[in-house]
Amino acid sequence: MKTHFSMKQYLVEIIGKSLQQFDLEEQPDIHIEEPNQPEHGDASCNIAMMLARPLKNNPRAIAQQIVDGLEYDEQKISAVEIAGPGFINFRFADNYLFDELGTILKTGADYGKTDTNEGKRVLVEFVSANPTGPLTVGHGRNAVLGDTVARLFEWTGADVEREYYFNDAGRQMRVLGESVQARYLELLGKDGEFPEGGYEGEYIRDIAQSLVDEKGEELVESKDEKPFKEKAEEEIFADISATLERMNIKMDSYFNEHSLYEDGKIEETIEKLRDQGLVYDKDGAVWFKTTEFGKDKDTVLVKSSGEPTYRLPDIAYHANKLDRGFDLCVDVFGADHIATYPDVMNGIKSLGYDSEKVDVVVYQFVTLVKDGKPFKMSTRKANFVTLDELMDEVGADVTRFFFLMRSPNTHLEFDIGQAKEAGEKNPVFYLQYAHARISSILRKVEDEYDFSGETDLSLLTHPSEITLIKTMLKFPETIANAARLREPHHVITFLNQLASDFTSFYHDCRILGEDEKLAQARMELAKAVAQVLRNGLGILGISAPEQM
RNA sequence: GCGCCCGUAGCUCAACUGGAUAGAGCAAUUGCCUUCUAAGCAAUAGGUUACAGGUUCGAGUCCUGUCGGGCGUACCA
């Protein structure tokens with residue numbers, strides 16, 4: 001069962017009808033918004049101001065004409081007013097609110113689902129960290145953001161696949177293998193030369209140790225780093241998967257960059273671009289004519305060493321995604337990767353693909369703050385904080401919440417000390433607490449009352465009750481909006497408002513001890529709030545506990 | 001130099017495709033636990049939305065410029 005933005009659609013419809021009285025060349029875009037001031041009603045339309053110029057009349061006069069021509073259902077709208085420079089303000093009828101409350105209760109776990117992306121096949125690619133070490137706090141934002149964006153697409157009707165792209169053939173991986181090899185020899189008391197710029201983390205020793213345990217001295221004579229690399233990749237990937245699982249993230253597919261070489265897609269990509277006249281050879285390297293697209297330099301696709309730069313497989317990979325028939329491919333990556341994006345887009349466009357089907361969620365960096373000072377992390381240097389360590393301290397819920405609470409577009413300051421001792425003050429608990437409170441009340445209500453007969457929701461007349469219902473009604477649109485913008489933090493902002501409105505209600509209105517009919521109505525209201533909180537927290541991948 | 005992102009309360013951040021009196025949390029001050037969970041509630045205080053212009057009925061939001069911060073601008077990923 002999907003929810004619809006019924007009221008908004010209804011208002012657009014009736015206003016549109018009234019507009020027919022004017023001789024307009026084209027139907028203007030009717031925009032409905034929610035006023036910040038309660039005195040301005042529940043919904044507002046600025047159409048009269050938009051029409052002032054084409055109609056050569058003052059906005060208030062136009063608004064009056066629109067309102068005069070308005071036919072509306074009084075069961076839905078209780079008042080229409082013209083205010084300020086020419087806003088038309090609508091007030092919802094209580095009956096409408098009660099009906100909608102009933103819908104929330106009936107729709108239950110599906111309340112908030114819409115069809116704005118119905119029928120679309122969407123691929124969300126995220127994390128995509130090469131297996132050179134455990135996931136760090138730095139990867140956390142990517143992982144949680146990607147997974148939550150995927151959930152938002154699911155809630156708007158899309159068929160979503162989560163994909164992890166990796167490369168186990170590059171220089172980094174070779175250095176990783178050499179690092180393990182050196183530690184292995186070291187553990188056996190042999191001379192091992194630690195590679196220049198090698199991985200210094202303790203986990204390298206652990207991997208080496210497990211090789212010693214399994215193979216003994218068997219690998220001492222190994223000429224190359226291959227067996228060490230393979231072991232490292234295996235263990236690190238297992239570790240990464242476990243971390244993701246702990247964060248409530250499950251990938252549907254893993255895509256190895258290497259497969260693009262095996263099935264000839266890399267070659268094919270170059271040749272196709274060459275056919276377009278967009279590729280040429282110079283100084284032993286293969287160049288992409290990015291100057292054609294307005295860049296100030298051309299870009300190397302294949303180095304003179306014969307090794308491709310990452311852009312080439314990136315283009316081939318995106319072509320592959322579109323070949324698989326996705327309607328939309330979303331990439332999640334940090335601001336430091338933004339430079340590749342135009343090249344990839346130009347690449348696939350030149351190959352004849354619709355680049356509109358590729359979309360990017362760029363997030364700004366996480367600034368790690370420790371002991372009040374920012375510090376730089378490096379997997380190679382091993383001065384990083386892993387996601388596992390973080391979750392050991394604060395749990396998965398807080399971790400997810402923390403990464404989602406800010407707009408992706410802004411720098412996220414992650415104060416480790418604060419996160420660790422967050423406990424009581426952490427905002428995620430505010431939401432969970434509201435849910436636990438409701439659960440607790442419902443348990444008690446069942447002991448004390450024995451409701452029978454229809455619930456009369458029209459007994460909900462207290463301002464706190466009305467506000468609470470109105471807030472809940474904004475949920476489906478909030479989700480659709482967050483999905484459209486790929487910005488999960490809107491869900492958090494909404495849930496904070498909902499939890500806050502519930503606590504006001506809790507403060508103002510009692511359930512236990514009230515007259516049976518009123519208690520019944522309020523209990524239904526509380527149930528609806530718990531449901532919406534569960535749905536919202538579910539989208540964020542955060543638990544909604546029954547008690548705390 | 002050029003490109004992208006950001007600059008909002010003491011701090012961390014909101015503000016839906018331009019809307020009416022810019023909002024939360026933390027920190028500060030003051031009240032509130034014999035009644036459904038005080039991980040809470042109520043109240044007070046805190047602002048020239050970096051700065052200067054422009055666009056219009058209306059700008060935190062759009063345009064131009066300046067200043068400040070982050071990230072790019074590799075035959076690194």
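Just so it is clear, the model here is predicted, and its values are computed rather than measured.
Distance A:I492 CD1 to B:A14 C1': 12 Å, rounded to the nearest Å. In this structure, A:E487 atom CD and B:C13 atom P are separated by 15 Å, rounded to whole Å. Atom CG in A:L412 sits about 14 Å away from atom C1' in B:G70, given to the nearest Å. Atom CD in A:E413 sits about 15 Å away from atom P in B:G7, given to the nearest Å. Regarding A:I88, its CD1 atom lies at a distance of 14 Å from the C1' atom of B:G19, rounded to whole Å. Going from atom NZ of A:K474 over to atom P of B:A15 covers 15 Å, rounded to whole Å. A straight line from CG of A:N481 to P of B:C16 spans 9 Å, rounded to a whole angstrom. One interatomic measurement links the two molecules: CG of A:D42 to P of B:C16, which rounds to 19 Å at whole-angstrom precision.
The base-pairing partner of B:G60, taking Watson-Crick or G-U wobble contacts with both distances under 3.5 Å, does not exist among the strands shown. Using N1 to N3 plus N6-O4 or O6-N4 for Watson-Crick, or N1-O2 and O6-N3 for G-U wobble, each under 3.5 Å, B:C71 pairs with B:G3. In this structure, B:C51 and B:G65 make a Watson-Crick or G-U wobble pair, each of the two defining distances being under 3.5 angstrom. With a cut-off of 3.5 Å on both pairing distances, the Watson-Crick or G-U wobble partner of B:G10 is B:C26. B:A15 makes up no base pair with any nucleotide shown, lacking Watson-Crick or G-U wobble contacts both under 3.5 Å. Across all strands shown, B:G46 has no partner, as no Watson-Crick or G-U wobble contact with both distances under 3.5 Å is found. With a cut-off of 3.5 Å on both pairing distances, B:U34 has no Watson-Crick or G-U wobble partner at all.
Checking A:S543 against A:D397 by side-chain atom types alone, a donor-acceptor pair falls below 3.5 Å. Between the side chains of A:T503 and A:Y430, at least one donor N or O sits under 3.5 Å from an acceptor N or O. When only modelled atom types and interatomic distance are considered, A:D331 and A:H337 share no side-chain donor-acceptor pair under 3.5 Å.
Ring stacking holds between A:H40 and B:A20, with the centres under 5.5 Å apart and the planes within 30 degrees of each other. Residue side chain A:F87 meets the stacking definition with respect to B:A20: its ring centre sits within less than 5.5 angstrom of the base's six-membered ring centre, and the planes differ by less than 30 degrees.
Aromatic pair A:F237/A:F166: centroids less than 6.0 angstrom apart.
Note on A:Y506: a side-chain N or O is less than 4.0 Å away from OP1 or OP2 of B:A38. Taking only side-chain nitrogens and oxygens, A:H31 never comes nearer than 4.0 Å to OP1 or OP2 of B:G19. Between A:S440 and B:U37, a side-chain N or O to OP1/OP2 separation shorter than 4.0 Å is present. Between A:N409 and B:C6 there is a side-chain polar atom (N or O) within less than 4.0 angstrom of OP1 or OP2. A:Y430 has a side-chain polar atom (N or O) that falls below the 4.0 Å cut-off from OP1 or OP2 of B:C41.
A gap of 23 Å separates the P atoms of B:U12 and B:A52, to the nearest Å. For the P atoms, the distance from B:C57 to B:C13 is 37 Å, rounded to whole Å. A gap of 16 Å separates the P atoms of B:A20 and B:C62, to the nearest Å. Across B:U49 and B:G60, the matching P atoms stand 7 Å from one another, rounded to whole Å. Annotation: B:G18 and B:U56 have their C1' atoms spaced 10 Å apart (nearest Å). The C1' atoms of B:U73 and B:G10 are separated by 37 Å, rounded to the nearest whole Å. Nucleotides B:A38 and B:C33 place their C1' atoms 6 Å apart, quoted to the nearest Å. Taking the P atoms as reference points, B:A22 lies 22 Å from B:C26, given to the whole Å.
Glycosidic conformation at B:C33 (O4'-C1'-N9-C4 for purines, O4'-C1'-N1-C2 for pyrimidines): syn, within 90° of 0.
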Next item on the list: Report the C-alpha separation of A:Q497 and A:D501 in whole Å, then their side-chain angles, then the decisive distance to 0.1 Å, and conclude whether the side chain to side chain contact (heavy atoms under 4.5 Å, CB included) test is met.
Entry: CA-CA 6 Å; A:Q497 184 63 54; A:D501 287 346; 3.0 Å; yes
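Across B:C57, B:C36, B:A20, the shortest atom-to-atom separation from the side chain of A:M49 is found for B:C57. Distances from the side chain of A:S504 to the nucleotides B:U21, B:A20, B:A42 place B:A42 closest. Nearest to the side chain of A:R510, among B:U35, B:U37, B:A14, sits B:U35. Of the candidates B:A39, B:C36, B:C16, the closest approach to any side-chain atom of A:L485 belongs to B:C16. Minimum atom distance to the side chain of A:H489 is reached by B:A15, of the listed B:U21, B:A15, B:A39. For A:Q364, the listed nucleotide lying nearest its side chain is B:C5; candidates were B:U12, B:C5, B:A38. Distances were taken from every side-chain heavy atom of A:R484 (C-beta onward) to each of B:C36, B:U17, B:G19; the shortest belongs to B:U17. Checking B:A20, B:U37, B:C13 against every side-chain atom of A:N36, the shortest atom distance belongs to B:A20. In this structure, the nucleotide among B:A20, B:G19, B:C36 sitting nearest to the side chain of A:L512 is B:C36.
Annotation: cation-pi pair A:R437/A:Y506 present, NZ/CZ under 6.0 Å from the ring centroid and within 45° of its normal.
At a threshold of 4.0 angstrom between heavy atoms, the contacts of A:E39 include nucleobase atoms, whether or not backbone atoms are also involved. Within 4.0 Å of A:C45, counting heavy atoms only, lies no atom of the nucleic acid at all. Among the heavy atoms of the strands lying under 4.0 Å from A:Q547 is at least one base atom, whether or not backbone atoms are also near.
Residue A:L431 comes nearest to A:L495 through the heavy atom pair CD2-O, 3.3 Å, listed as atom of the first residue, atom of the second, then distance. A:V445 and A:I511 make their closest contact through CG2-CG2, 3.7 Å (heavy atoms, listed as atom of the first residue, atom of the second, distance).
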Checklist line | Sugar-phosphate or base contact per nucleotide [nucleotides 72-77 of chain B; S, B, -; heavy atom under 4.0 Å] | finding: S-SBSB
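When each of A:S407 and A:N46 is assigned the nucleotide of RNA chain B bearing its nearest heavy atom, the one mapping closer to the 5' terminus is A:S407. Nearest-nucleotide mapping onto RNA chain B: of A:A83 and A:R443, the residue sitting toward the 5' end is A:A83.
In terms of the ring pair (Phe, Tyr, Trp, His ring centres under 6.0 Å) criterion, A:F22 has no residue partners (sequence neighbours excluded).
Annotation: side chain of A:E257 is not in contact with side chain of A:N130 (no heavy-atom distance under 4.5 Å).
Each of A:F126, A:Y310, A:Y254, A:Y317 was compared with A:Y165 under the ring pair (Phe, Tyr, Trp, His ring centres under 6.0 Å) criterion, and only A:Y317 meets it.
Here the CG atom belonging to A:N89 is positioned 6.5 Å from the NE2 atom belonging to A:H40, to the nearest 0.5 angstrom.
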